Number of protein chains: 2
Amino acid sequence: MPAEPLSRPRIVAAAIDLIEREGADAVSMRRIAADLGVGVMSLYNHVPNKAALLDAVAETVLSGIEFTDDPDADWTDRVRMQARAFRQIAHHYPRCTMVVVSRQLQSTAGLLPVERALATLRSAGFGGEEAVRILRMFIAYIVGSLLREVGVTPTFAPVHNTQADFERVDPALFPEINVLAAELSSCDHEAEFEFGMELLVQAIAVRREHGNEREKK
Amino acid sequence: MPAEPLSRPRIVAAAIDLIEREGADAVSMRRIAADLGVGVMSLYNHVPNKAALLDAVAETVLSGIEFTDDPDADWTDRVRMQARAFRQIAHHYPRCTMVVVSRQLQSTAGLLPVERALATLRSAGFGGEEAVRILRMFIAYIVGSLLREVGVTPTFAPVHNTQADFERVDPALFPEINVLAAELSSCDHEAEFEFGMELLVQAIAVRREHGNEREKK
DNA sequence: ATTGACGGACGTACACCGTACGTGCCACGC
DNA sequence: GCGTGGCACGTACGGTGTACGTCCGTCAAT
């Protein structure tokens with residue numbers, strides 16, 4: 001007597017749960033079925049195959065982005081907020097992040113963030129082509145940042161101090177690394193992310209100014 | 001009569017070859033052994049397990065970066081060159097790129113690029129901590145860019161035009177996407193990469209100016 | 001020269017994986 | 001009453017990573 005009749009959302013939720021608990025490697029159709037107390041092949045009545053299931057996982061995680069867009073705020077603040085929203089879901093589903101960025105999703109799941117971002121950039125005065133370029137640049141930076149974050153803490157396990165690794169390098173061959181061993185081994189991801197984001201925001205801000213000046217001329 | 005006696009580099013080379021020919025999904029110990037004309041378990045005399053083999057693949061690919069660093073050039077040009085060198089290996093081993101960025105490598109393989117980059121930034125006048133932050137930002141951007149490039153062309157197969165996908169969205173729900181469908185569906189990766197890199201270079205250039213001014217004050 | 005140890009190539013075996021296919025149950029429209 | 005279609009499920013097949021045991025060539029010590 002299954003209280004709930006095994007639907008696609010339930011399967012996806014179980015998959016996300018499993019990934020967060022035991023990592024992406026632990027995912028198998030048998031394991032998900034066992035967690036749901038269900039036969040393995042029953043899953044295939046709702047999901048065509050494992051790849052599609054993982055796509056659905058990515059889609060679901062991505063659609064969990066919460067936008068608190070304030071149309072009255074400065075456009076730079078809106079850009080900042082949207083970038084942070086992107087990063088926050090990665091903190092909510094840390095183990096799933098690798099799954100999300102690994103599979104390129106050509107579905108409509110990530111479309112709402114794209115729409116919002118483009119609208120913000122257009123309202124800031126950027127042209128269409130330029131807005132797309134800027135958006136792609138931001139996405140690249142965000143994805144790369146998240147990849148490092150989840151890579152360095154794949155299990156949130158004891159972050160075995162890699163400091164020793166950096167201090168063990170040959171000072172003659174790698175003088176800079178040797179001097180900066182402390183800075184290289186520690187990493188405040190939040191501050192790091194904000195630093196890069198601020199640089200990007202200011203870069204496109206000055207680019208907008210130049211564009212406006214050129215228009216006036 | 002094995003002409004060459006099956007060494008670890010030979011195994012890694014076979015793995016890279018296989019990945020480039022048939023994609024990362026085709027990699028299996030049995031398949032690699034077959035390509036080498038060798039029994040499966042013989043591989044384990046040189047490689048502890050499959051994960052270590054893939055780590056070695058990442059390490060080997062990464063160590064193939066060619067640096068043509070010109071110490072006399074402007075520091076911005078040196079940064080540009082190093083970023084491009086990073087991207088070029090991804091073009092040389094397109095299918096391996098996902099493997100490289102997927103596994104976080106804490107080995108000494110990627111250390112030389114790090115050393116060069118830090119030296120360049122330090123010589124440009126950046127402080128130690130700031131140089132590390134800037135380097136991390138660049139790496140995030142580059143990794144994110146490469147991930148999009150290899151994601152969009154996982155097999156270099158016919159890039160089934162996703163234009164239709166963008167044009168099919170509801171214009172009422174996604175007006176910006178609808179208007180910019182053409183820009184979103186086409187992507188000149190090279191130009192896109194250069195655009196973002198230029199923005200980053202100029203951003204840190206103005207940051208350096210501000211820092212210098214503050215020092216003078 | 002004989003022997004012993006040893007490293008590497010290999011086959012077998014096991015647990016697990018994704019999933020194609022067939023079977024049975026149950027709720028429904030006629 | 002009777003199809004009929006959807007859904008849960010079991011079985012089975014080909015593939016995977018790898019632990020373990022076996023065999024054999026080489027080389028050091030006796």
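This structure is a prediction, so every number in the text was calculated from the model and none was measured. Chain A is the first sequence line, chain B the second, and so forth, proteins listed ahead of strands; every chain is numbered from 1.
The phosphate of D/dA8 (OP1 or OP2) has a side-chain N or O of A/His46 nearer than 4.0 angstrom. Contact check, A/Ser42 against D/dC9: a side-chain N or O comes under 4.0 Å of OP1 or OP2. One finds no side-chain N or O of A/Asn49 lying less than 4.0 angstrom from the OP1 or OP2 phosphate oxygen of C/dG18.
The residues B/Arg133 and A/Glu183 are annotated as not salt-bridged, no charged nitrogen and carboxylate oxygen being separated by less than 4.0 angstrom. A salt bridge is absent between B/Glu22 and B/Arg95: the closest approach of a Lys/Arg side-chain nitrogen to an acidic carboxylate oxygen does not fall below 4.0 angstrom.
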Check the pair B/Thr120, B/Arg116 against side-chain hydrogen bond (donor to acceptor under 3.5 Å, both in side chains), reporting the backbone distance first and the verdict last. CA-CA 6 Å; B/Thr120 301; B/Arg116 299 287 185 94; over 6 Å; no
Show, in sequence, the C-alpha distance, side-chain angles and deciding distance for B/Ile139 and A/Arg148, and conclude whether the side-chain contact (heavy atoms from CB on, under 4.5 Å) test is met. CA-CA 9 Å; B/Ile139 291 178; A/Arg148 180 186 50 218; 5.6 Å; no
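The salt bridge (Lys or Arg N to Asp or Glu O under 4.0 Å) test with A/Arg84 singles out one residue from A/Glu66, A/Glu194, A/Glu190, and that residue is A/Glu194.
Side-chain atoms of A/Val38 lie closest to D/dC9 of the nucleotides D/dT18, C/dG18, D/dC9. Of the candidate nucleotides D/dG17, C/dC10, C/dG18, D/dG17 has the atom lying nearest to any side-chain atom of B/Met29. For A/Lys50, counting side-chain heavy atoms from C-beta on, the closest listed nucleotide (C/dA9, D/dG17, C/dG18) is C/dG18. Distances from the side chain of B/Tyr44 to the nucleotides C/dC10, C/dT19, D/dG17 place D/dG17 closest.
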Distances for protein N/O vs nucleotides 22-24 of chain D N/O pairs under 3.5 angstrom?
none

Please tabulate the protein-to-nucleotide N/O contacts below 3.5 Å involving nucleotides 10-13 of chain D, giving atom names and distances.
none

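As rounded to whole Å, 12 Å separates atom P of D/dT16 from atom CG of B/Asp25. In this structure, A/Leu54 places its CG atom 14 Å from C1' of C/dC17, rounding to the nearest Å. Per the geometry, CZ belonging to B/Arg31 stands 12 Å off P belonging to D/dG17, to the nearest Å. As rounded to whole Å, 15 Å separates atom C1' of D/dT16 from atom CG of B/Leu53. The distance from atom CG of B/Leu6 to atom P of C/dG8 is 10 Å, rounded to the nearest whole Å. Between the C1' atom of D/dG6 and the CZ atom of A/Arg8 lies a distance of 17 Å, rounded to the nearest Å. Computed from coordinates, the A/Asn45 CG to C/dG22 P distance equals 15 Å when rounded to whole Å.
Here the CG atom belonging to A/Leu43 is positioned 7.5 Å from the CG atom belonging to A/Leu53, to the nearest 0.5 angstrom. Summarising the geometry, atom CZ belonging to A/Arg10 is positioned 5.5 Å from atom CG belonging to A/Leu36; distances are rounded to the nearest 0.5 Å.
The backbone N or O of A/Ile11 sits nowhere less than 3.5 Å from a side-chain atom of A/His46 that would complete a donor-acceptor pair.
Using cut-offs of 30° and 60° for the angle between ring planes, the A/Phe193 and A/Tyr141 rings count as parallel.
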